[in-house]
Amino acid sequence: QVQLVESGGGLVQPGGSLRLSCAASGISVSNYAMRWYRQAPGKERKWVAGISSVDDTTAYTDSVKGRFTIARDNAKNTVYLQMNSLKPEDTAVYYCTAVRTEQYWGQGTQVTVSS
């Protein structure tokens with residue numbers, strides 16, 4: 001059974017940092033393209049960042065470039081999203097997903113950026 005479990009969310013002040021983790025079981029993250037999405041209240045889920053399974057190439061949506069970093073630790077079978085210089089508009093539920101011919105989703109972790 002495949003499971004992706006996100007953690008690391010919480011309440012942070014504007015300008016602060018959080019590191020989200022996505023721990024996988026039942027699959028090896030090294031074999032999948034790993035992506036982070038987010039969904040703000042009342043809005044559709046949107047792609048945030050991704051890391052390739054082929055060469056670890058990373059990509060980011062424009063609004064987080066230079067602030068967020070996605071990384072993979074194959075030994076821990078975990079993917080991370082380091083989020084710096086957080087803004088109120090980053091408030092959302094963050095989901096990780098593993099993509100190959102099939103796609104798996106985690107349950108999400110809440111990130112709230114507020115003073």
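Throughout, numbering of the chain's residues begins at 1 and tracks the sequence.
In terms of heavy atoms, Ser115 sits closest to Pro14 at N-CD, 3.7 Å. Scanning all heavy atoms of the two residues, the minimum distance from Ser17 to Ser85 falls at OG-N, 4.3 Å.
Other residues sharing a hydrophobic cluster with Tyr80 under the 4.5 Å side-chain heavy-atom criterion for ILVMFWY residues do not exist; the residue is a singleton. Through side-chain heavy atoms spaced under 4.5 Å, either directly or across other Ile, Leu, Val, Met, Phe, Trp or Tyr residues, Val12 is tied to Val2, Leu4, Leu18, Leu20, Ile27, Val29, Tyr32, Met34, Trp36, Val48, Ile51, Tyr60, Val64, Phe68, Ile70, Val79, Leu81, Met83, Leu86, Tyr94, Tyr104, Val111, Val113. The hydrophobic cluster containing Trp105, built from Ile/Leu/Val/Met/Phe/Trp/Tyr side-chain heavy atoms closer than 4.5 Å, also comprises Tyr37, Trp47, Val93, Tyr95.
Residue pairs satisfying the salt bridge (charged side-chain N to carboxylate O under 4.0 Å, His left out) criterion with at least one member in residues 14-26, sequence neighbours excluded, are absent. Applying the salt bridge (charged side-chain N to carboxylate O under 4.0 Å, His left out) rule to pairs touching residues 99-115 yields Arg100-Glu102, sequence neighbours excluded. Residue pairs meeting the salt bridge (charged side-chain N to carboxylate O under 4.0 Å, His left out) criterion with at least one member in residues 76-99, sequence neighbours excluded, are Arg38-Asp90, Arg67-Asp90. Among pairs with a residue in residues 21-30, none fulfils side-chain hydrogen bond (donor to acceptor under 3.5 Å, both in side chains), at least two apart in sequence or across chains.
No donor-acceptor pair under 3.5 Å is formed between the side chain of Asp73 and the backbone N or O of Thr78. A side-chain donor-acceptor contact under 3.5 Å links Glu6 to the backbone of Gly108.
For Arg45, there are no salt bridge (charged side-chain N to carboxylate O under 4.0 Å, His left out) partners two or more places apart in sequence or in a different chain. Considering only residues two or more places apart in sequence or on other chains, Lys65 meets the salt bridge (charged side-chain N to carboxylate O under 4.0 Å, His left out) condition with Asp62. Qualifying side chain to side chain contact (heavy atoms under 4.5 Å, CB included) partners for Ala40, counting only residues two or more places apart in sequence or in other chains: Lys43, Ala92. Taking the salt bridge (charged side-chain N to carboxylate O under 4.0 Å, His left out) definition, one finds that Asp56 meets it with Arg72, sequence neighbours left out. Asp55 is linked by a side chain to side chain contact (heavy atoms under 4.5 Å, CB included) to Ser52, Thr57, counting only residues two or more places apart in sequence or in another chain.
Distance check, rounded to the nearest 0.5 Å: CG of Leu11 to CD of Gln110 gives 9.5 Å.
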- Message: Using side chain to side chain contact (heavy atoms under 4.5 Å, CB included), reason through Arg35 and Val99 one step at a time and then give a plain yes or no.
- Response: CA-CA 8 Å; Arg35 301 170 184 169; Val99 183; 3.8 Å; yes
